[in-house]
Enquirer: 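The structure that follows is given in the form of structure tokens.
Numbers restart at 1 for each chain; the letters A, B, ... are given by sequence-line order, proteins then strands.
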Amino acid sequence: MARYNPAKTEQKWQEYWSKNEIFVSSRDDGKEKYYVLEMFPYPSGRIHMGHVRVYTLGDVIARYKKSKGFDVLHPMGWDAFGMPAENAAVEHGIPAAEWTWSNIETMRHQLKSMGFSYDWTREIATCSPDYYRQEQAMFVELLARDLAYKKETWVNWDPVDETVLANEQVIDGRGWRSGALIERRLLSQWMFRITAYAQDLLDSLDNLDEWPESVRTMQANWIGRSEGLKIEFDLANHSETISVFTTRPDTLYGASFIAIAPNHPLASQLAENNPTMLSFIETCNRLGTSEVELEKAEKLGFDTGLKAKHPFSGQEELPVFVANFVLMSYGTGAIFGCPAHDQRDIEFASKYKLPIKTVVAPSGDFPDPALPPHTAFTGDGLMINSGFLDGMTIDQAKAAVAEKLEATNQGKRHVTYRLRDWGVSRQRYWGCPIPVVHCDQCGIVPVPKGSLPVLLPDDVAFDQPGNPLDRHPTWKHTTCPNCSGAAERETDTFDTFVDSSWYFCRYACPEFSMPLDPEAMKSWLPVDQYVGGIEHAILHLLYSRFFMRALKECGYVSFKEPFTGLLAQGMVCHETYRDDSGWLYPEEVEQTEAGNWQRRDNGQPVQSGRSESMSKSKKNVVDPGSILKTYGADTARLFMLSDSPPERDIEWTESGIEGAWKFVQKVWRIAESYEPIERQASKQHPKDSSPQVIQLRKHTHQTIAAVTKDIESFRFNRAVAGIRQLTNAIAAFQENGSGAQQAKCEALETLVKLIGPMLPHLAEEMWERLGFSASLAQESWPLPDTSLLSSQTVTMAVQINGKLRTTLNMATDITSDLAQERALADPVIKAHIGNREIKKVVVVPNRVINVVL
RNA sequence: CGGCGCGUGGUGGAAUUGGUAUACACAACAGACUUAAAAUCUGUCCCGCUUUGCGGUUGCGAGUUCGAGUCUCGCCGCGCCGACCA
């Protein structure tokens with residue numbers, strides 16, 4: 001008996017699928033469409049285990065849906081712009097484009113060897129001019145609709161690399177590459193007006209019921225809607241007014257100061273004639289953005305000398321501070337401080353000896369002796385010391401203050417969001433050029449659609465820090481499309497999140513001459529099932545949701561939610577190993593008989609650490625390439641599906657992959673040992689079969705029902721468990737009597753169909769061996785025979801006072817009375833009851849009988 | 001500090017959504033086959049006891065219920081995310 005040879009078999013079927021265009025999608029109006037998509041990879045060089053996991057999950061769904069009769073769209077492409085290509089250019093002198101395309105080549109080959117059912121004719125790469133020209137065309141339209149604009153914003157500036165850094169690239173106040181101290185700088189940046197849709201992005205989350213609750217909550221928190229009041233404070237000694245946003249207007253009588261952000265316009269104005277204030281503001285701006293520094297940062301203020309008039313009394317004057325904890329980017333950039341009822345304000349007030357006036361009386365004991373001193377009371381209570389508000393609840397007081405201030409035009413109810421507009425400018429080379437020119441005469445002029453794409457130049461130099469586009473001898477010099485005078489190109493490129501905000505649309509019409517083909521959009525979009533990592537739960541998904549709304553406004557699409565269903569899968573983890581020299585790869589260590597770890601090369605002891613997400617920096621990675629070579633794609637796929645549910649992290653283990661390998665071999669052995677019988681005969685199941693034969697048939701059909709349900713709900717680990725049980729039943733089946741061959745044949749054919757989406761190569765090979773000539777990939781999913789699903793008898797639990805005492809077999813249609821009678825007649829139960837009195841008997845049909853004493 | 005999630009054997013995890021806790025595997029141990037190994041097959045495998053049985057067990061403690069891994073409250077522990085959002 002030959003062992004299953006994955007290398008040979010897998011290649012055979014991959015060639016077959018490709019040659020016969022099994023997975024090339026085209027719309028057939030007779031069928032319902034199903035678009036399944038996994039997040040496309042960044043072409044970093046080689047695929048990693050995370051890719052294997054997410055693409056396996058998507059492939060199971062795609063193959064399953066195809067067998068259920070859907071017109072499936074399952075494409076793949078490349079998120080191909082981004083920093084690593086530039087780093088390769090800097091470090092190894094390889095042009096970014098060349099590096100990227102060669103990585104794509106390698107990874108495409110690797111993905112193909114995994115046997116994924118992609119329609120490769122629709123492949124796209126975001127770095128291809130065919131792709132980014134369309135992105136540029138869409139940008140021009142967003143610009144025309146004021147959904148894109150240029151604005152001065154504060155950014156993290158790395159003075160050594162001469163580039164803007166994202167928050168996550170600033171580590172402890174220093175640039176992640178250069179190590180230079182990061183400055184806050186005001187730079188002119190391109191922005192997308194995502195805030196225009198803040199409310200809709202929030203409201204629509206309610207309709208995304210096929211998304212995980214956690215992702216919806218994260219998005220809602222990110223958008224961060226708060227309702228409050230804008231209050232205008234007149235100044236006693238200045239002509240300006242200060243507009244303040246608050247969610248606690250009820251505490252207005254407790255106000256003891258006003259604080260404005262260091263970069264508030266009024267602060268800048270005052271600092272012009274006040275060097276001390278200017279230097280205070282500069283200190284604030286230098287403050288790093290890292291968590292640690294913010295955590296430690298003391299609340300600091302600078303008294304401007306201005307006095308604000310309390311809107312109610314008009315008499316009371318509140319000092320106006322510039323304070324480092326007030327953010328210009330939220331609300332109005334100014335607050336009123338009510339120390340008694342806000343933790344930040346009480347810290348500030350304690351430092352600067354400002355009054356602390358209680359206006360909300362707690363119902364219980366406050367201050368709570370258990371709490372540290374200087375703790376603000378933020379709970380519920382009734383208003384005191386607050387004039388006309390006294391005695392009201394917080395909510396009543398909020399409404400009363402809003403009403404009164406609105407009546408006198410000193411305030412207005414206002415909703416504000418934590419969400420900021422999306423800054424899309426990057427001072428980088430390897431990205432989509434932003435298609436505008438800067439003309440001295442005409443200002444910012446979009447590049448006309450006929451002149452697109454604005455191509456990235458190939459001949460760029462990385463010998464200096466900063467953006468090579470900016471230094472290119474010729475590229476940025478051009479003429480104004482408007483006046484034909486000399487003009488300069490925009491040298492910023494797009495954030496790569498822009499590229500990934502619409503790629504899923506382009507798959508539907510990869511070669512269309514305009515951004516999107518309306519017909520294709522109608523046929524395929526939105527994505528029915530999106531699969532990807534939880535790390536993109538906020539930004540990528542939110543940006544895509546915004547982009548669809550923007551495209552809808554431009555008339556390209558008619559929907560606004562891009563992803564109907566979302567499956568967020570967990571990470572692939574592995575133990576970490578290290579010794580004095582640093583981290584070690586799993587293949588560099590081995591386990592001793594005592595269970596300790598040591599180095600393979602010199603036997604020195606090695607520390608093993610906890611299991612963490614696979615990452616190159618900790619070297620706890622396993623290369624899919626070597627796994628593929630040793631075990632083949634099907635085994636790797638099975639490992640990813642068994643044991644753990646998709647949304648949870650999985651631990652990569654040697655024994656786990658061995659277990660998957662053994663199962664693949666076991667299934668193959670069953671197929672090998674089986675002599676195919678006459679096809680016609682197998683269809684007829686005789687009526688005089690033995691109970692064992694009927695049992696196998698029932699098991700087969702129950703497995704179909706269970707596995708179908710499990711796949712529909714993405715519980716692949718359960719599906720695998722069910723398939724393993726059926727496999728064990730077939731292996732153990734020794735009957736030869738009437739109907740035995742037919743039953744075994746039916747079980748085997750079913751098994752092959754059920755493993756089809758998970759182990760497609762093995763399944764095809766077995767299908768062929770069972771005597772079928774057509775590809776399994778084109779077969780339909782089995783339907784259970786419902787007459788075999790129900791059983792005449794069921795095992796019921798009999799409890800006494802909720803404690804299991806025995807089990808009894810009963811007919812499924814037995815009446816409750818009869819079931820109760822039989823249970824009470826059972827000798828075990830009788831013995832337990834003894835001569836105690838029965839208070840009550842609860843009968844749950846086909847489940848349990850509980851005798852209450 | 002806040003938000004969200006999780007806690008079931010040595011391990012990954014099941015549990016018909018309030019109804020027989022530990023399915024399916026991994027590891028371990030014992031046995032069969034073998035000159036031997038690998039592979040394969042069979043058996044044991046939550047804990048305790050006075051072992052045909054009895055008692056206990058889903059992080060800990062309470063509650064609701066005829067019945068709780070599942071619902072409620074309070075602790076403890078772990079993980080992820082956010083971070084001065086007025």
Side-chain angles (χ1 to χ4, degrees), chain A residues 1 3 167 212-218 220-222 224-226 228-229 244-249 251 259 261 289-291 294-295 297-299 323-327 329-338 341-345 347-348 416-420 534-535 537-538 570-571 610 612-613 642-645 647-651 653-660 662-663 665-666 669 706 709 715 717-728 731-732 795-808 828 839-853:
Chain A
M1 174 163 52
R3 255 191 155 200
N167 282 335
E213 190 60 43
S214 61
V215 174
R216 289 193 280 167
T217 312
M218 280 159 95
N221 291 343
W222 188 261
R225 178 192 154 102
S226 27
L229 194 66
V244 153
F245 176 73
T246 181
T247 55
R248 293 294 303 273
T251 64
T289 49
S290 82
E291 295 175 18
L294 285 175
E295 186 94 9
E298 204 183 350
K299 307 238 170 329
N324 64 347
F325 67 93
V326 179
L327 307 173
S329 48
Y330 184 78
T332 58
I335 62 158
F336 78 76
C338 175
H341 306 290
D342 183 286
Q343 190 54 38
R344 290 155 306 183
D345 296 347
E347 286 171 31
F348 190 80
T416 193
Y417 301 88
R418 208 191 72 109
L419 182 70
R420 318 268 154 83
I534 191 75
E535 64 274 20
I538 300 178
M571 296 175 299
R610 66 189 193 118
E612 294 182 54
S613 167
S642 21
D643 294 345
S644 291
E647 57 277 2
R648 229 180 279 188
D649 288 352
I650 55 168
E651 164 88 9
T653 59
E654 194 59 31
S655 54
I657 189 76
E658 279 289 341
K662 281 184 197 166
F663 179 71
Q665 293 295 342
K666 183 175 187 171
R669 266 198 312 279
K709 204 170 148 212
R715 289 185 294 185
N717 55 323
R718 277 173 40 129
V720 171
I723 288 170
R724 288 186 116 122
Q725 278 172 328
L726 180 62
T727 308
N728 291 342
T795 308
M796 284 183 75
V798 185
Q799 304 173 331
I800 291 175
N801 288 338
K803 195 159 285 191
L804 180 72
R805 291 304 174 187
T806 191
T807 57
L808 293 172
V828 178
K839 292 206 182 101
K840 177 172 158 185
V841 179
V842 180
V843 181
V844 182
N846 296 332
R847 292 272 154 75
V848 71
I849 299 159
N850 189 12
V851 182
V852 185
L853 298 179

Enquirer: Per the atom types in the model, does the base of B:rC84 pair as donor or acceptor with the side chain of A:Lys299 at under 3.5 Å?
Expert: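 Answer is yes: a donor-acceptor pair is held.
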Enquirer: Does B:rG9 adopt a syn or an anti glycosidic conformation, taking syn as a chi angle within 90° of 0?
Expert: syn
Enquirer: Contact between A:Ile849 and A:Val843 at the side-chain level, heavy atoms closer than 4.5 Å - yes or no?
Expert: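 They are in side-chain contact.
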Enquirer: Have A:Lys840 and A:Asn850 got a donor and an acceptor in their side chains that come within less than 3.5 Å?
Expert: no
Enquirer: Take A:Ile800 and A:Val851, measure what side-chain contact (heavy atoms from CB on, under 4.5 Å) needs, and give me the verdict at the end.
Expert: CA-CA 5 Å; A:Ile800 291 175; A:Val851 182; 4.3 Å; yes
Enquirer: With rounding to the closest Å, how many angstrom separate the C1' atoms on B:rC45 and B:rA23?
Expert: 15 Å
Enquirer: Under the rule for salt bridge (charged side-chain N to carboxylate O under 4.0 Å, His left out), what residues qualify as partners of A:Arg248, not counting sequence neighbours?
Expert: A:Asp250
Enquirer: For B:rA27 and B:rU22, measure between their P atoms and round to the nearest Å.
Expert: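 After rounding to an integer number of Å, I get 23 Å for this pair.
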Enquirer: Can you tell me the distance, in whole Å, between the CH2 atom of A:Trp222 and the C1' atom of B:rC81?
Expert: 10 Å
Enquirer: Among B:rC85, B:rC66, B:rG3, which nucleotide sits nearest the side chain of A:Leu327?
Expert: B:rC85
Enquirer: Is it true that A:Arg344 and A:Glu347 have a side-chain N and a carboxylate O under 4.0 angstrom from each other?
Expert: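 Looking at A:Glu347 together with A:Arg344, the answer is no, because their closest N to O distance does not fall below 4.0 Å.
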Enquirer: Roughly how many Å apart are B:rG31 and B:rU16, using the C1' atom of each and rounding to a whole number?
Expert: 37 Å
Enquirer: Does A:Ser644 reach the side chain of A:Asn717, with side-chain heavy atoms less than 4.5 Å apart?
Expert: no
Enquirer: Using a heavy-atom cut-off of 4.0 Å across all strands, would you classify A:Val326 as base, sugar-phosphate, or nothing?
Expert: base
Enquirer: Might you work through the side-chain contact (heavy atoms from CB on, under 4.5 Å) test for A:Ile723 and A:Phe663, ending with a clear yes or no?
Expert: CA-CA 10 Å; A:Ile723 288 170; A:Phe663 179 71; 4.0 Å; yes
Enquirer: Would you mind reading off the distance between A:Lys839 atom NZ and B:rG67 atom C1', rounded to a whole angstrom?
Expert: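 Roughly 15 Å, once rounded to whole Å.
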Enquirer: Using whole Å, what does the distance between atom P of nucleotide B:rC85 and atom CG of A:Asn324 come to?
Expert: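 One finds 13 Å between P of B:rC85 and CG of A:Asn324, rounded.
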Enquirer: Are any side-chain N or O atoms of A:Asp649 and backbone N or O atoms of A:Met571, one a donor and one an acceptor, separated by less than 3.5 Å?
Expert: yes
Enquirer: So does A:Leu853 get a backbone contact from the side chain of A:Asn801, meaning a donor-acceptor N/O pair under 3.5 Å?
Expert: yes
Enquirer: What's A:Lys803 touching, base or sugar-phosphate or nothing? Going by heavy atoms closer than 4.0 Å.
Expert: sugar-phosphate
Enquirer: Could you state the CD-C1' distance from A:Glu213 to B:rC80, rounded to the nearest angstrom?
Expert: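 Spelled out: CD on A:Glu213 to C1' on B:rC80 is 16 Å.
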Enquirer: Looking at the angle O4'-C1'-N9-C4 for a purine or O4'-C1'-N1-C2 for a pyrimidine, is B:rU51 syn or anti, with syn meaning within 90° of 0?
Expert: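 Because its glycosidic torsion lies more than 90° from 0, B:rU51 adopts the anti conformation.
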Enquirer: If the C1' atom of B:rA86 is compared with that of B:rG5, how far apart are they to the nearest Å?
Expert: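 So the two C1' atoms sit 28 Å from each other.
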Enquirer: Please give, in whole Å, the distance from B:rG5 P to A:Asp649 CG?
Expert: 17 Å
Enquirer: Can a side chain N or O of A:Ser226 be found less than 4.0 Å away from OP1 or OP2 on B:rA86?
Expert: yes
Enquirer: Please identify each residue that fulfils side chain to side chain contact (heavy atoms under 4.5 Å, CB included) with A:Ala797, with sequence neighbours left out.
Expert: A:Leu804, A:Val848
Enquirer: If I pick the P atom on B:rU50 and the same atom on B:rU44, what distance separates them, to the nearest angstrom?
Expert: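 Approximately 23 Å lies between the P atom of B:rU44 and that of B:rU50.
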Enquirer: Counting C-beta onward and ignoring hydrogens, is there a side-chain heavy-atom pair between A:Ile335 and A:Asp345 closer than 4.5 Å?
Expert: yes
Enquirer: Taking the P atom of each, how far is B:rC54 from B:rC41, in whole Å?
Expert: 36 Å
Enquirer: For nucleotides 18-28 of chain B, read 5' to 3', which letter fits each nucleotide if B means a protein heavy atom sits under 4.0 Å from the base, S means only the sugar-phosphate is that close, and - means neither?
Expert: -BB--BSSSS-
Enquirer: Would the base of B:rC41 count as contacting A:Arg669 through its side chain, where contact means a donor and an acceptor less than 3.5 Å apart?
Expert: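 By the distance-only test, no, there is no pair.
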Enquirer: If a stem is a run of at least 3 consecutive Watson-Crick or G-U pairs, both distances under 3.5 Å, which stems include RNA chain B?
Expert: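 Stem list for RNA chain B: B:1-7 with B:76-82, B:10-12 with B:24-26, B:28-32 with B:40-44, B:46-49 with B:53-56, B:59-63 with B:71-75.
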Enquirer: Roughly how far apart, to the nearest Å, are B:rC46 and B:rU8 at atom C1'?
Expert: 10 Å
Enquirer: Can a cation-pi geometry be assigned to A:Lys299 and A:Phe325, taking NZ or CZ under 6.0 Å from the six-membered ring centre and within 45° of the ring axis?
Expert: yes
Enquirer: Just how far is it from atom CZ of A:Arg847 to atom CD of A:Gln799, taken to the nearest 0.5 Å?
Expert: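 One gets 12.5 Å once the value is rounded to the nearest 0.5 Å.
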Enquirer: Can you measure A:Arg344 atom CZ to B:rA83 atom C1' for me and round it to whole angstrom units?
Expert: 12 Å
Enquirer: How long is the line joining CD of A:Glu651 and C1' of B:rG13, in whole Å?
Expert: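 Rounded to whole Å, this separation is 13 Å.
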Enquirer: Give me the distance, rounded to whole Å, that separates B:rG69 from B:rU57 when you measure between the P atoms they each carry.
Expert: 9 Å
Enquirer: Which residue, A:Ala334 or A:Arg648, contacts RNA chain B at a nucleotide closer to its 5' end, judged by nearest heavy atom?
Expert: A:Arg648
Enquirer: Mapping A:Leu419 and A:Ser214 to their closest nucleotides on RNA chain B, which lands nearer the 5' end?
Expert: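 First, find each residue's nearest nucleotide; the 5'-ward one identifies A:Ser214.
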Enquirer: For the pair made of CE in A:Met218 and C1' in B:rC81, what is the distance, rounded to whole Å?
Expert: 5 Å
Enquirer: So which protein N/O to nucleotides 50-54 of chain B N/O distances come out below 3.5 Å?
Expert:
from	atom 1	to	atom 2	distance (Å)
B:rC54	OP1	A:His832	NE2	3.4

Enquirer: With A:Glu654, which residues qualify under salt bridge (charged side-chain N to carboxylate O under 4.0 Å, His left out), at least two apart?
Expert: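 So A:Glu654 forms no salt bridge (charged side-chain N to carboxylate O under 4.0 Å, His left out) with any residue.
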